[in-house]
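Below is one structure; the comments refer to it alone.
Below, chain A is the first sequence line, B the second, and so on; all start at residue 1. Scope of the values below: all heavy atoms of this structure, side chains included, with no hydrogens, waters or symmetry mates. Note that the structure is a prediction, hence the values are computed from the model and not measured.
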Protein chains: 2
Amino acid sequence: MSDTQKLTAILKAASDPIRRELLTLLVQHGPTRVTDLARHFDVSLNAVSKHIKILEAAGLVRRRTEWREHLIEADMDPVRQIDRWFQDLRSVWDRRLDVLDDVLKRETEDE
Amino acid sequence: MSDTQKLTAILKAASDPIRRELLTLLVQHGPTRVTDLARHFDVSLNAVSKHIKILEAAGLVRRRTEWREHLIEADMDPVRQIDRWFQDLRSVWDRRLDVLDDVLKRETEDE
DNA sequence: AATTTAATCAACCAAATGGTTGACTAAAGT
DNA sequence: ACTTTAGTCAACCATTTGGTTGATTAAATT
């Protein structure tokens with residue numbers, strides 16, 4: 001999977017309120033069973049199970065299966081990739097503002 | 001619109017590769033016309049126009065309309081909101097790791 | 001005067017998304 | 001032995017998404 005695809009998967013996974021809440025619960029309480037996670041939402045267990053699979057596919061969450069109990073835990077590593085993308089974007093943006101500053105300064109000096 | 005809804009809109013907007021590429025083009029080249037943006041993609045002008053409206057609704061882009069020419073420019077402010085959410089998440093995560101460290105240290109001391 | 005250009009709007013379409021219920025497997029509790 | 005518990009899988013459904021084409025408005029070019 002390309003970096004672009006990975007980033008797309010991460011951002012899409014993070015763009016759903018329930019999935020963000022799941023991540024918050026996981027970083028707060030550590031590894032948690034699917035059923036215990038589902039308790040916090042008013043959708044079915046099945047729906048939560050699906051959300052978790054999406055988070056898992058994006059790498060935001062890992063699963064430790066002990067027989068019928070699945071312990072889910074957050075993985076913050078992919079978040080760094082998001083950070084990097086937005087930081088890059090902003091740094092290009094800032095550089096452009098600097099260039100604009102230079103242009104304006106030079107124009108002022110020319111007067 | 002609630003903060004959660006805003007964040008959802010921003011992340012959803014950023015989760016599409018074409019829209020991310022549009023943002024990159026805009027921070028690199030500054031305000032650009034819709035047609036000139038569309039040139040970079042192999043989808044129709046209409047499709048690009050729709051993408052821009054989604055970015056606009058999320059506040060990631062602003063529009064200056066001069067008669068029939070629409071100048072689109074990036075707005076980096078909402079990006080800060082994304083950053084903040086992920087940073088918060090990670091800081092909670094890091095704090096939990098610290099607590100875990102403490103627990104382990106105390107257990108070691110008890111031996 | 002005729003045509004090209006810039007962009008949106010509207011209608012339509014296929015695929016993806018987020019939800020549901022019901023069936024299933026196998027462990028654990030009574 | 002029976003029932004509850006944990007979780008997934010499969011099928012289904014409504015809505016959203018991302019794309020298309022065609023029509024429209026009014027400016028700019030020839």
Side-chain angles (χ1 to χ4, degrees), chain A residues 1-2 4-26 29-58 60-74, chain B residues 1-2 4-26 29-58 60-74:
Chain A
M1 193 161 57
S2 76
T4 303
Q5 286 174 323
K6 262 184 246 166
L7 189 54
T8 298
I10 296 171
L11 286 168
K12 233 184 233 175
S15 75
D16 181 273
I18 290 190
R19 290 195 289 264
R20 282 201 304 278
E21 183 67 23
L22 280 169
L23 284 177
T24 304
L25 287 170
L26 286 169
H29 303 135
T32 314
R33 296 183 316 154
V34 177
T35 311
D36 293 333
L37 288 170
R39 228 179 290 286
H40 294 81
F41 307 92
D42 60 349
V43 296
S44 70
L45 172 68
N46 271 7
V48 173
S49 170
K50 275 192 186 181
H51 280 303
I52 292 174
K53 268 190 293 181
I54 290 169
L55 289 170
E56 203 180 3
L60 287 163
V61 134
R62 268 168 307 151
R63 181 189 303 255
R64 248 180 309 135
T65 305
E66 309 236 342
W67 297 109
R68 64 172 180 170
E69 290 194 355
H70 297 211
L71 280 189
I72 311 298
E73 62 186 328
Chain B
M1 194 160 57
S2 76
T4 303
Q5 285 174 324
K6 261 184 246 166
L7 188 55
T8 297
I10 296 170
L11 285 167
K12 235 184 230 174
S15 76
D16 182 273
I18 291 190
R19 290 195 288 265
R20 282 201 303 278
E21 182 67 24
L22 279 169
L23 283 178
T24 304
L25 287 169
L26 286 169
H29 303 135
T32 314
R33 294 183 316 153
V34 178
T35 310
D36 292 333
L37 288 170
R39 228 180 290 285
H40 294 82
F41 307 92
D42 61 350
V43 296
S44 69
L45 172 69
N46 271 9
V48 174
S49 170
K50 276 191 186 182
H51 280 304
I52 292 173
K53 267 190 293 182
I54 290 170
L55 288 171
E56 204 181 3
L60 286 163
V61 134
R62 268 168 306 152
R63 181 189 302 256
R64 248 180 310 133
T65 305
E66 310 235 342
W67 295 109
R68 63 173 181 169
E69 291 193 356
H70 297 209
L71 280 189
I72 313 297
E73 61 186 328

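- At a threshold of 4.0 angstrom between heavy atoms, the contacts of A/Asp16 are confined to the sugar-phosphate backbone, with no base atom among them.
- In this structure, CH2 of B/Trp67 is placed 24 Å from P of C/dT4, rounded to the nearest angstrom.
- The distance from atom CG of A/Asn46 to atom P of D/dA6 is 14 Å, rounded to the nearest whole Å.
- B/Ile18 places its CD1 atom 4 Å from the P atom of D/dG19, with the value rounded to the nearest Å.
- Going from atom NZ of A/Lys12 over to atom P of D/dT16 covers 17 Å, rounded to whole Å.
- Contact between the side-chain N/O atoms of A/His70 and the OP1/OP2 oxygens of D/dT8 is found at a separation under 4.0 Å.
- The side chain of A/Arg33 sits closest to D/dA6 out of D/dA10, D/dA6, C/dA10.
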Task: Working for side-chain hydrogen bond (donor to acceptor under 3.5 Å, both in side chains), residues B/Thr4 and A/Arg20 - done: CA-CA 10 Å; B/Thr4 303; A/Arg20 282 201 304 278; 5.3 Å; no
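- Listed nucleotides D/dT20, D/dC9, C/dG19 differ in distance to B/Ala47; the shortest reach to its side chain belongs to D/dT20.
- Taking atom CD1 on B/Ile52 and atom C1' on C/dC9, their separation rounds to 15 Å, with Å as the unit.
- In this structure, CD in A/Glu56 is found 10.5 Å from CZ in A/Arg62, a value given to the nearest 0.5 Å.
- Within the 4.0 Å cut-off from OP1 or OP2 of C/dA7, not a single side-chain nitrogen or oxygen of B/Arg63 is found.
- OP1 or OP2 of D/dG7 has not a single side-chain nitrogen or oxygen of A/Ser49 nearer than 4.0 Å.
- Note: CD (A/Glu56) to C1' (D/dC9) measures 15 Å, nearest angstrom.
- Closest approach to the A/Lys50 side chain among D/dG19, C/dA10, D/dA11 is made by D/dA11 (side chain taken as heavy atoms from C-beta onward).
- Between A/Leu45 atom CG and C/dT20 atom C1' the separation is 13 Å, expressed in whole Å.
- Annotation: of the two residues near DNA chain C, A/Val43 and B/Thr35, the 5′-most nearest-nucleotide partner is B/Thr35.
- Between B/His51 and D/dG19 there is a side-chain N or O to OP1 or OP2 distance below 4.0 Å.
- For the pair B/Ile54 CD1 and D/dT16 C1', the computed distance is 10 Å after rounding to whole Å.
- For B/Ser44 and D/dG19, the shortest distance from a side-chain N or O to OP1 or OP2 is not below 4.0 Å.
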